Amino acid sequence: MEYLKGLNDAQKRAVLATDGPISVLAGAGSGKTRVLTTRIYHLIREGIPADKILAVTFTNKAAREMRTRVQTMLGMDLTTDYRLHTTTASPFIATFHGLGRELLESYGKAIGIQKFFSIYDRDDSEKAVGAALKALDIETKELSPRAVLGRISRQKGEGMRAQEFYEKHAREGFGNRITAEAWLRYEKTLKEEKALDFDDLIALPVRMLEEHNDIRELAQNRWSHIHIDEYQDTNSLQERLAGILAEKHKNLFVVGDGDQAIYGWRGARMENILNFEKRYPQAQTVILERNYRATKNLVDAANAVIEKNKNRREKYSTTEKDAGESIVVHIALNAEDEARWIANRIKQQMSEGQKPEEMAILFRTNFQSRALEEGMLRAGVPHKVLGTRFFARKEVKDALAWMRLALDPSREADKIRAASSPPRGIGKVTLGKLVAGERAQLRAGELAKVEAFERVVQELSRSALSLKPSEFVKLAVEKSGMKKALFDEGSEEDRERFENIEELASVAARHDEMPGKDGIALFIAEAALASDQDELDIHQGDTSRRGVTLMTVHAAKGLEFNTVFVSGMEEGLFPHANMNEKDRDEEEERRLFYVAMTRAKDRLCLTLARIRKIYGADSVTIPSSFLADIDGSLIHYDETEGEIIIEA
């Protein structure tokens, strides 16, 4: 078995354990993706049909990487084992939301879900919740749409329905009452728009599988071997979904690391990985402790930090790499000084041959990004800020609205957006009459413009039957008039916006192997479900957009860089002051720092400011208590500010 060469003993055990429930506790940098993909390949080599294998992860980026690795391994057999290629079938590898979408597209008719449904992204959902709050005369200062949506999302993640929540909690105080009433209005909006939100993509499949025995049997027979990545990040419903699908064959293979559980605030349950053996008493457990990513100094420091947590499965990472450089700690005067030092350090490393895209600056909260980005700009350091959210840009959302409308011309929200993007003389009053079904009241001029618009939509709808997704993006932009408005007749700024639409066509090309409405719908769905990390892939081929990555620690999970800077290492900022007093929350902050540390392969720099401006006022800071967890022999204090004594 050539493909097993290079795996350590623990990795081999995980790959070769093909039957029954299996949990793999995979430390940072331990090669979990390699284990997952090699196991999928091994199952196919052992005779399991490829289309009987399911693998689920949390980001489009991770799913694409897993899919590419499996396809590469299978491709190597083209000349040696034709049996593996007698069918075009392949494993189904997707995100949890992609799996939910597939289940609803395949079987959702039983619960009233049409095939080409819209998916609300977070911006769409916040806007709809905001409209509901406005209808209830609630000011955003009293209760923000984001906060209410967060409450709704957590409840949906536990399997709660809007009406059920209203009946149970509407009389339990202002927050719950408003959430309950806004939720009902929000659900009404989703229904009218034939749309689902992120949480529906899990909640509805679970409900469908639990309430329809025939569909449950179809889904369970469809996949005999199920793999779940990042199992510590699953919430209650996601765990239920995995359990339902694996119930018949019992072949559930989960990979995770409780030490990297950092999403408790959004409903993730670390207990799902810690208590896996309790739910599945016959389960095998494999622990991956060899770190292939980082130097010994970095591994030892990360171990020292995470072992302070009590609510964890005992695991100690090791590495065969050299000690490497010490961890650098720099104490700056203020945020601007901190950014200046980081920028100068980056420029020094670039002069030594390191590429800027091999470095990252991580921060605990979004407000820190301003000073850091300004520091990069002043120093002329090429950089990109993760979280600018490509798919949330107006021109991109406009193009996607045209594409969705071509799949279903009855969608009112898309009709309103497309009709004014670009402007074509169809005003709000005219659109209001159309939406209200008062077409007969339109004047002749208004009607002519509406009919011209509708002819474009009909033409695109016909073209969607056969075009590849990338071709369809280009056609939609051409026929809608967006190309003319932004590129042919637009300003320099408009032309830059048009470049984003060209990027959209490049992203759509990933699905060109599936022409027609199915491929277009899949692309649109992935666009709605894109995470911050997908930004890294969108401009990957454009050297002009490469640079040092600035992002939150949460967004960095799963990534790795040669050099990592973690800024804001101050008590109250990291660990964050807003965490509750419960031990669980304090431990999650430490897990978050552990994630930040373990993104680094060669160098780790921790920075802090003596004075930090928060809410417009200067505050004197003290060093983060996490720094005291690291053995002093592993730290080098930058000489420009001298050493600081950190009390344990």
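What you see is a predicted model; the values in this text were computed from it and never measured.
Looking at R404 and D408, no side-chain N of the basic residue comes within less than 4.0 Å of a carboxylate O on the acidic one, giving no salt bridge. Here E526 does not pair with R510 in a salt bridge; the nearest charged N to carboxylate O distance is not below 4.0 Å. The existence of a salt bridge linking K115 and D518 is confirmed by a sub-4.0 Å separation between a basic side-chain nitrogen and an acidic carboxylate oxygen. Note on K134 versus E139: no salt bridge recorded, every NZ/NE/NH1/NH2 to OD/OE distance being 4.0 Å or above. The pair E499-R495 fails the salt-bridge criterion, with no side-chain N (NZ, NE, NH1 or NH2) lying under 4.0 Å from an Asp/Glu carboxylate O. Between E187 and K156 there is a salt bridge, since a side-chain N of the basic residue sits under 4.0 Å from a carboxylate O of the acidic one. Ion pairing between a basic and an acidic side chain is recognised when a charged N comes within 4.0 Å of a carboxylate O; E126 and R146 show such pairing. Between E459 and R455, no side-chain nitrogen of the basic residue sits less than 4.0 Å from a carboxylate oxygen of the acidic one, so the salt-bridge criterion is not met. A salt bridge links E192 to K188: one of the charged nitrogens lies within less than 4.0 Å of a carboxylate oxygen. Note on E454 versus R439: salt bridge recorded, some NZ/NE/NH1/NH2 to OD/OE distance being below 4.0 Å. Between E210 and R207, none of the side-chain N atoms (NZ, or NE/NH1/NH2) sits under 4.0 Å from a carboxylate O, so this pair counts as no salt bridge.
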**Message:** E471 vs K474, test: salt bridge (charged side-chain N to carboxylate O under 4.0 Å, His left out). Steps then yes/no.
**Reply:** CA-CA 5 Å; E471 295 171 339; K474 295 172 185 175; over 6 Å; no
**Message:** Show, in sequence, the C-alpha distance, side-chain angles and deciding distance for R154 and E158, and conclude whether the salt bridge (charged side-chain N to carboxylate O under 4.0 Å, His left out) test is met.
**Reply:** CA-CA 7 Å; R154 284 190 294 275; E158 296 292 326; over 6 Å; no
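K194 and S118 form no side-chain donor-acceptor contact under 3.5 Å, judged by distance and modelled atom types alone. Inspection of the N500 and R497 side chains reveals no N or O donor paired with an N or O acceptor under 3.5 Å. Between the side chains of E502 and S506, no donor-acceptor pair of N or O atoms lies under 3.5 Å. Under the 3.5 Å distance criterion, with hydrogens and angles disregarded, a donor-acceptor pair is assigned to the side chains of S470 and D512. Inspection of the T234 and E239 side chains reveals no N or O donor paired with an N or O acceptor under 3.5 Å.
When all heavy atoms are compared, the tightest approach of F117 to E105 is CE2-CG, 4.0 Å. Minimum interatomic distance between A406 and S461 (heavy atoms only, all atoms of both residues): O-OG, 2.9 Å. R122 and S153 make their closest contact through NH2-OG, 3.7 Å (heavy atoms, listed as atom of the first residue, atom of the second, distance). The minimum heavy-atom distance between A268 and D233, with the atom names listed, is CB-O, 3.4 Å. Of all heavy-atom pairs spanning M376 and A339, the tightest one is CE-O, 3.8 Å. The shortest heavy-atom contact between M403 and I520 is CE-CG2, 4.0 Å.
The side-chain tip of R266 points at the ring of Y263 from less than 6.0 angstrom away and within 45° of straight on.
Contact check for R151 versus Q155: no side-chain heavy atoms found under the 4.5 Å cut-off. With contacts defined as side-chain heavy-atom distances shorter than 4.5 Å, the pair L386/L550 does not qualify. At a threshold of 4.5 Å between non-hydrogen side-chain atoms, the residues H212 and Y107 do not count as touching. When side chains are defined from C-beta on, E446 counts as touching K433, because their heavy atoms get closer than 4.5 Å. Residues Q238 and F96 are in side-chain contact: their nearest non-hydrogen atoms beyond the backbone lie under 4.5 Å apart.
Residues passing the ring pair (Phe, Tyr, Trp, His ring centres under 6.0 Å) test with Y166, sequence neighbours excluded: none. Here F116 pairs with nothing under the ring pair (Phe, Tyr, Trp, His ring centres under 6.0 Å) rule; sequence neighbours left out. Qualifying ring pair (Phe, Tyr, Trp, His ring centres under 6.0 Å) partners for F472, counting only residues two or more places apart in sequence or in other chains: none.
F198 and H97 have tilted rings, their planes meeting at an angle from 30° to 60° on a 0 to 90° scale.
Between H554 and W265, the ring center distance clears the sub-6.0 Å criterion.
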